[in-house]
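For reference, positions follow the sequence shown, starting with 1.
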Amino acid sequence: MAVVGIVAEYNPFHTGHAKHLALTRQEAGQDAALVVCMSGHWVQRGDCAVADKWARAAMAARFGADLVLELPTPFAMASAETFARGAVELLAAAGMGTLSFGCETPDLPVLHALADTLNSPRFDEAVAPLMAHGLSYPAARQRAAQSLLGRETAALLALPNNNLAVEYLRCLPPGVTALPIHRLGTHDAPLPDRDDPSASSLRALLRRGENADPYLPSPWRGEVYDLKHLERTVLSSLRTLTVKDLETLPDAGDGLAQRLWKAARMATTLDELWDAAKTKRFTHARLRRVTLRAALGVPAPQAAPAYLRVLAMTRRGAAHLAALKPGCTLPIITKPARHKDLLAAEAALTDQFSLCLPAPLPCGEEFLHSPVPVDGP
């Protein structure tokens, strides 16, 4: 059975995601197993997801995925490079032969040229002095790529899906092929775009209590998780930390720990905190990630994910899992209560996520959910 990997957050799962799965199925064939590596309760932009991971995984399985695995939070809430590396390593352990990804420019030779350049010593030599002059890493990377590949090619890195596509290609294992799928919309585009809506705009819509159903493959059900319910807890945690505590966190170097410590002593809201700490060197997403890593106690990512946690699956996904299990190098978790040691860090983060509802849930949700079975081929 051909195995196609997909990296996603599905926050929320919308019509554009369903379209990507359908196009991937069309290219890969009806018998292929589509295996998704999905962020859990905490996501790459430094936020809680709008719905729990089991609901989002089940939606993906209902609309084209065969097996949905969780990307552990230390990778899910990290820089693009670490996010991509963790996801690709996890999918490789799950038997991936092809990686499918959406991008604004599905020109594989050009994307490979960008990936090869960013992996080269020439790039390291070009980016270092730009960082030393106070540019943020994304800005320095763009300018360094431009000096090596020209303005037109380097400009592709400014588009969010292209950027992630290049990061996937940088760490793609030998023998794994790439399948780029053209994405027309972007993360931050305004609504409406019924085929490729903006996930950012949909999150804002849902958190305002407005109707997002026209952009979802099935009507929204349940409460919406929002970081605002955890705001004072986050601020309280930051006020107890020292600069040395903050300096131990991933991505907190270059003076960010000191700025965040000072901002935490003045800010009364998270927006005030991030506004006070922000400079041209530190992107908003980086500030949010470091803030939540500090407040939630997110451990630093390991070299690679240590397990495969199954969130949802169809019959075809279950068949792939059964074939994978004898030779898999990682433990496969379908009964979470039997793996409390492996899932201890994730369980603590789920307990914090459970406070992001208008009416909080008690601790222990991590061990109450088995993989969601979904009718499918």
Side-chain angles (χ1 to χ4, degrees), residues 5-11 36-49 53 56 69-93 99 101 115 118-119 127 131 136-141 157 160-172 187 199-200 227 234 237-238 241 245-254 256-257 260 274 277-278 281-309 330 342-350 352-353:
I6 294 168
V7 184
E9 289 190 329
Y10 295 154
N11 183 34
V36 174
C37 173
M38 189 190 80
S39 300
H41 288 146
W42 300 97
V43 295
Q44 208 256 340
R45 291 191 177 193
D47 197 1
C48 65
K53 57 192 176 187
R56 288 159 39 234
L69 306 172
E70 179 180 9
L71 179 63
T73 299
F75 294 97
M77 203 164 65
S79 66
E81 296 95 321
T82 303
F83 174 91
R85 174 174 58 83
V88 169
E89 291 274 2
L90 188 147
L91 287 169
L99 178 66
F101 48 82
L118 267 59
N119 279 342
V127 82
M131 293 283 290
S136 68
Y137 179 72
R141 182 185 62 169
L157 289 173
N161 297 287
N162 282 348
N163 177 42
L164 276 174
V166 169
E167 293 301 335
Y168 299 144
L169 293 175
R170 289 181 69 183
C171 55
L172 206 62
H187 289 297
S200 295
L227 190 61
V234 171
S237 296
L238 286 177
L241 299 176
D245 292 329
L246 293 168
E247 285 174 342
T248 65
L249 299 170
D251 296 327
D254 305 321
L256 175 54
L260 198 57
W274 295 320
K278 194 174 186 323
R281 189 182 186 91
F282 308 129
T283 64
H284 193 66
R286 180 178 172 185
L287 286 169
R288 292 179 65 107
R289 284 196 300 270
V290 173
T291 297
L292 286 189
R293 278 186 169 276
L296 302 175
V298 179
Q302 300 172 327
Y307 55 81
L308 301 182
R309 169 73 182 281
L330 298 179
L342 269 179
L343 294 176
E346 206 65 56
L349 293 167
T350 291
Q352 297 277 29
F353 177 75

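- With a 4.5 Å cut-off on side-chain heavy atoms, Thr283 and Pro138 count as touching.
- Note on ring orientation: taking the six-membered ring where Trp is involved, the planes of Phe353 and Trp42 are perpendicular (angle over 60°, cut-offs 30° and 60°).
- Between atom CG of residue Leu118 and atom CD of residue Glu81 there is a gap of 8.0 Å, rounded to the nearest 0.5 Å.
- Taken to the nearest 0.5 Å, the CZ atom of Phe83 stands 6.0 Å off from the CG atom of Leu164.
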Test side chain to side chain contact (heavy atoms under 4.5 Å, CB included) applied to Leu238 and Thr291, step by step: CA-CA 8 Å; Leu238 286 177; Thr291 297; 3.7 Å; yes

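- When side chains are defined from C-beta on, Lys53 counts as touching Thr350, because their heavy atoms get closer than 4.5 Å.
- Within the 3.5 Å criterion, the main-chain N or O of Pro72 finds no donor-acceptor partner in the side chain of Arg309.
- The two residues Ala303 and Phe75 make their nearest non-hydrogen contact at C-CZ, 4.4 Å.
- No side-chain N or O of Ser136 forms a donor-acceptor pair with one of Arg286 less than 3.5 Å apart.
- Of the residues Val298, Val234, Leu287, the one that meets the side-chain contact (heavy atoms from CB on, under 4.5 Å) test with Leu292 is Val234.
- Taking every heavy atom of both residues into account, Val43 and Asn11 meet most closely at CG2-ND2, 4.0 Å.
- To the nearest 0.5 Å, atom CG of residue Leu343 and atom CG of residue Leu349 are 11.5 Å apart.
- For Ala93 against Leu308, the heavy-atom pair with the smallest separation is O-CD1, 4.2 Å.
- Applying side-chain hydrogen bond (donor to acceptor under 3.5 Å, both in side chains) to Thr73 and the options His41, Arg293, Glu346 leaves one that passes, Glu346.
- Considering every non-hydrogen atom in both Val290 and Asp251, the closest pair reads CG2-O, 3.7 Å.
- One distance of note links SG of Cys37 with CG of Leu71; it measures 4.0 Å at 0.5 Å rounding.
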Evaluate the criterion side chain to side chain contact (heavy atoms under 4.5 Å, CB included) for residue pair Val166 and Arg141; output intermediate values, then yes/no. CA-CA 12 Å; Val166 169; Arg141 182 185 62 169; 5.9 Å; no

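- Once rounded to the nearest 0.5 Å, the distance linking OH of Tyr137 with CG of Asp254 reads 12.5 Å.
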Could you walk me through whether Leu256 and Leu249 pass the side chain to side chain contact (heavy atoms under 4.5 Å, CB included) test, one step at a time? CA-CA 10 Å; Leu256 175 54; Leu249 299 170; over 6 Å; no

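- The CZ atom of Arg289 sits 10.0 Å away from the CZ atom of Arg45 when rounded to the nearest 0.5 Å.
- Shortest non-hydrogen contact noted between Pro74 and Pro299 is CB-O, 3.4 Å.
- Contact detail for Gly46 and Leu227: the closest heavy-atom pair is O-CD2, 4.5 Å.
- Of the possible polar contacts, one joining the Arg281 side chain to the Met131 backbone as a donor-acceptor pair under 3.5 Å is found.
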Show your working on side chain to side chain contact (heavy atoms under 4.5 Å, CB included) between Glu70 and Leu90 and close with a plain yes or no. CA-CA 9 Å; Glu70 179 180 9; Leu90 188 147; over 6 Å; no

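- Glu9 places a side-chain N or O within donor-acceptor distance of the main-chain N or O of Gln44, the cut-off being under 3.5 Å.
- The side chain to side chain contact (heavy atoms under 4.5 Å, CB included) search around Asn119 returns Arg170, not counting sequence neighbours.
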